[in-house]
Amino acid sequence: MAMSTWTDERIEELKRLWSESLTGSEIAKRLGLKDRNAVMGKIHRLGLARKNFATEVQAPANDSKPAEPEEPLHPILLLKEWSCRFPVGDPLGREFRFCCAKRQPGLPYCEAHARIAYTPMERSARAARR
DNA sequence: CCCTGATTCGC
DNA sequence: GCGAATCAGG
């Protein structure tokens, strides 16, 4: 039987998983596909665009996302369980805040900040260890 | 270098 | 129509 064909059942599954905010890679794994290329290709072909905001689709549409607050707010009050803890600005300044984007499960930061926060440390640690 | 979705383009 | 490769971003 042809494995890599989009049957109605598979398209339904694709739509369901995609609507549940699963990533292309996760959907590909569940469908037994090698990577997300087939998934994303089909998504685009079906006219399903999760979000039209270019490629920044890391946070699945949350209510509050204070990317740039008008005025300095008490940062701790904005932090939720899902909030990225990445500090933005001068910690002693008035405009200090946290990223507050949806953080990664098991990590204190969102995906982007987790990466930039940890990568230099790992490199330094390896260099120092030698 | 890891990841994300979006798009292109040969098949 | 399909998806590998590529693009653009974090």
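In what follows, chains are A, B, ... by sequence order, proteins preceding strands, each numbered from 1. Every heavy atom of this structure was used, including side-chain atoms; hydrogens, water molecules and symmetry mates were not.
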Round to a whole Å and report the spacing from [atom1] of [X] to [atom2] of [N].
X	N	atom1	atom2	result
A/Arg45	C/dA4	CZ	C1'	12 Å
A/Leu46	B/dG5	CG	P	15 Å
A/Ile11	C/dG1	CD1	P	10 Å
A/Met40	C/dA5	CE	C1'	15 Å
A/Asn37	C/dG3	CG	P	10 Å
A/Glu26	B/dC3	CD	P	12 Å
A/Ile27	B/dG5	CD1	P	8 Å
A/Ile43	C/dG3	CD1	P	12 Å

So, is [X] near the phosphate of [N], with a side-chain N or O under 4.0 Å from OP1 or OP2?
X	N	answer
A/Trp18	B/dG5	no
A/His44	B/dA6	no
A/Lys42	C/dG1	no
A/Ser25	B/dC3	no

Find which nucleotide of DNA chain C each of A/Arg36 and A/Val39 is nearest to by heavy atoms, and output the residue with the more 5' nucleotide.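 It is A/Val39, whose closest nucleotide lies nearer the 5' terminus.
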Contact summary for [X] and [Y], nearest pair of heavy atoms:
X	Y	answer
A/Lys42	A/Leu14	CG-CD2, 3.5 Å
A/Arg10	A/Leu31	NH2-O, 3.4 Å
A/Leu33	A/Ala38	CD1-CB, 4.0 Å
A/Ser25	A/Arg36	N-CB, 3.7 Å

Is any NZ, NE, NH1 or NH2 atom of the basic residue among A/Glu26 and A/Arg30 found under 4.0 Å from an Asp or Glu carboxylate oxygen of the other?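 Salt bridge between A/Glu26 and A/Arg30, a charged N being under 4.0 Å from a carboxylate O: no.
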Under 3.5 Å, is there any donor-acceptor pair linking the side chain of A/Asp35 to the base of C/dA4?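 A donor-acceptor contact between them is absent.
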